[in-house]
Amino acid sequence: MILDLTRQDHIDSLRERVGPDLRALVNNAAIQTNAPVEAMPLSEWRRLFEVNLFGGSPPADSPPP
């Protein structure tokens, strides 16, 4: 299963797929960009923060029923 932590529909699909049997969730999602700070567009900064900083919280906020 492909899980994009920035997409709520993927998170909801995971919850439906595993149901109440989920015992643990290991989040190892991260991305990086190799560019000088001044060369990175704001959209890339937003993408980095969405995945690396906020990406771990949606599954924790949306546990299976």
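All values reported here derive from a predicted model rather than from experimental measurement.
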Roughly how far, to the nearest 0.5 Å, is the [atom2] atom of [Y] from the [atom1] atom of [X]?
X	Y	atom1	atom2	answer
Glu16	Ser13	CD	OG	6.0 Å
Arg15	Gln8	CZ	CD	7.0 Å
Asp12	Arg7	CG	CZ	11.0 Å

Considering only distance and modelled atom types, tabulate donor-acceptor pairs under 3.5 Å from the side chains of residues 29-36, sequence neighbours left out.
| from | atom 1 | to | atom 2 | distance (Å) |
| --- | --- | --- | --- | --- |
| Thr33 | OG1 | Glu44 | OE2 | 2.8 |

